[in-house]
Amino acid sequence: METGEIPLETLPGGFDLQATVESGQTYVWSREDDRMFEDTLAHGGDAWYSTVVPEAVTGGAPAVVRARQHDGRLEWEAAVDAHDHLVRLLRLDDDLDAIMAATPEDPLLDAAFDRYRGMRLVRDPSFPCLVSFICSAQMRVSRIHGMQERLAREYGTPVEFDGATYHAFPTPEQLATATEVDLRDLSLGYRAPYVARTAEMVATGEAHPDTARSLDYEDAREFLTQFVGVGEKVADCVALFSLDFLEAVPLDTWIRTAIADHYPDCEGGNYAETSRAIRERFGGDYAGYAQTYVFFHLRTGGET
DNA sequence: CTCGGCCCTGTCCA
DNA sequence: ATGGACAGGGCCG
């Protein structure tokens, strides 16, 4: 096992591991203490979290990475040198101070940024991100998380680490072997055929979410909606949480409520129009950061 | 392009 | 105990 630590005090804008991985933007991390991801962060912030870096990223075997925030450092244990993986997955390369400075002054944004100072966006591997947000339709955080764990256990490559067995998220090829009925048995409900079809599309080479990286933001969102089960909202989630489009603002029910209550002039006739207006209001290039803070602030009972 | 009906399922609450 | 509302949408006509 390799170990290491990343000092956090010099990191611009700081870091909050628990808020980052439990805020509903990523479903590839789990708590080592097996506590569920709840709707609020009730359980203290120095727990160990783990993820399995997929083979598509390592270029070799999937690699278990474990990390916890403790005493001003991000400590890690892994099968490989995990430093670069952690920087990439947890966006430790973002200058959070600069991002907040580039975001307009606004009572709601200020309150949201204050409440979870140090929370960062994530940079998930694209296929797991795509599948988990297809599963997110009309679903709570803890249940989405449960679905992803069942998919990994059932179809993912088992990986031994530190005396325990972990499971990588299934590759497109592995997941494409699942039938709609198989996935309904894992409680995916009406999302089962969407996941099966999308896995098949990626496995056969019909389309890959990474292709959207080379497009302009709005074209990328449009490109991503070709996957079955992916509308504009889910496409925005994949663009923001995996493909580095930090300007993407997923219009979920929480943000729609915030728009109605705080920015009614941003309500356009359709998704694209509203999205453009609120993106502008949130400062443009890093509007997705503002969205994620506001979303989490409101979802966890923040005053409006 | 917009609209409404419909979809699985666990949890919460009357 | 038990039924209806609800939860971070998308598909189809």
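Residue numbers start from 1 in every chain, and the chains themselves are labelled A, B, ... in the order their sequence lines are given, proteins ahead of strands.
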In whole angstroms, the gap separating P of B:dC7 from CG of A:Leu188 amounts to 18 Å
Between the side chains of A:Asp210 and A:Ser126, is a donor N or O closer than 3.5 angstrom to an acceptor N or O? yes
Examine the base of B:dC7 for any acceptor or donor lying under 3.5 Å from a partner atom in the side chain of A:Arg191, and report the outcome as yes or no. no
To the nearest angstrom, how far is A:Arg197 atom CZ from C:dC12 atom P? 11 Å
For the residue pair A:Ser132 and A:Gln148, confirm or rule out a side-chain donor-acceptor distance under 3.5 Å. no
By nearest-nucleotide position on DNA chain C, the 5'-leaning member of A:Ile144 and A:Val230 is A:Ile144
Do A:Glu32 and A:Ser50 have side-chain atoms, one donor and one acceptor, less than 3.5 Å apart? yes
Nearest-Å distance, CZ (A:Arg150) to P (B:dG10)? 9 Å
In terms of ring plane angle, is the pair A:Tyr27 and A:Phe133 parallel, tilted or perpendicular, where the classes change at 30° and 60°? perpendicular
Check: A:Thr300/A:Tyr116 side-chain N/O donor and acceptor closer than 3.5 Å: yes
Rounded interatomic separation in angstrom, taking CG from A:Leu186 and P from B:dG10: 12 Å
Would you write out the dot-bracket form of DNA chain C, 5' to 3', with Watson-Crick and G-U pairs under 3.5 Å, [ ] for crossing pairs, | for pairs to other strands and . for unpaired bases? .||||||.|||||
Gap in Å between the two C1' atoms, one belonging to B:dG10 and one to C:dC11, rounded: 23 Å
Could you tell me whether A:Glu75 and A:Arg66 have a side-chain N and a carboxylate O separated by less than 4.0 Å? no
Whole-Å distance separating the OH atom of A:Tyr271 from the P atom of B:dT2: 14 Å
How is A:Gly229 classified with respect to the nucleic acid when contacts are heavy atoms under 4.0 Å: base, sugar-phosphate, or nothing? sugar-phosphate
When rounded to the nearest Å, what value does the distance between P atoms of C:dC6 and B:dG5 take? 16 Å
To the nearest Å, give me how far apart CD (A:Glu222) and P (B:dC1) are. 9 Å
Determine: side-chain N/O of A:Arg143 to OP1/OP2 of B:dT11, distance under 4.0 Å, yes or no. no
Using the P atoms only, state how far B:dG4 lies from C:dG8, rounded to an integer number of Å. 23 Å
Closest to side chain of A:Phe241, choosing from B:dC8, C:dG8, C:dG9: C:dG8
Return the orientation label for the A:Phe127 and A:Phe169 ring planes: parallel under 30°, perpendicular over 60°, tilted otherwise. perpendicular
Can you tell me, in whole Å, how much space there is between the C1' of C:dC12 and that of B:dT2? 13 Å
Options C:dG9, C:dG8, B:dC8, nucleotide nearest the side-chain atoms of A:Val234: C:dG9
Would you kindly give the CE-to-P distance between A:Met139 and B:dT9, to the nearest whole Å? 9 Å
Could you verify whether a donor N or O on one side chain and an acceptor N or O on the other, from A:Arg221 and A:Thr225, lie under 3.5 Å apart? no
Round to the nearest Å and state the distance from A:His145 atom NE2 to B:dG10 atom P. 18 Å
Of the listed nucleotides (C:dG8, B:dC7, B:dT2), which one gets closest to any side-chain atom of A:Asn270? B:dT2
Could you measure between the two P atoms, the one in B:dC6 and the one in C:dG4, and give it in whole Å? 16 Å
C:dG10 and B:dT11: how far apart are their C1' atoms, nearest whole angstrom? 23 Å
Return the nearest nucleotide to the side chain of A:Tyr194; candidates are B:dG10, C:dC11, C:dG9. C:dC11
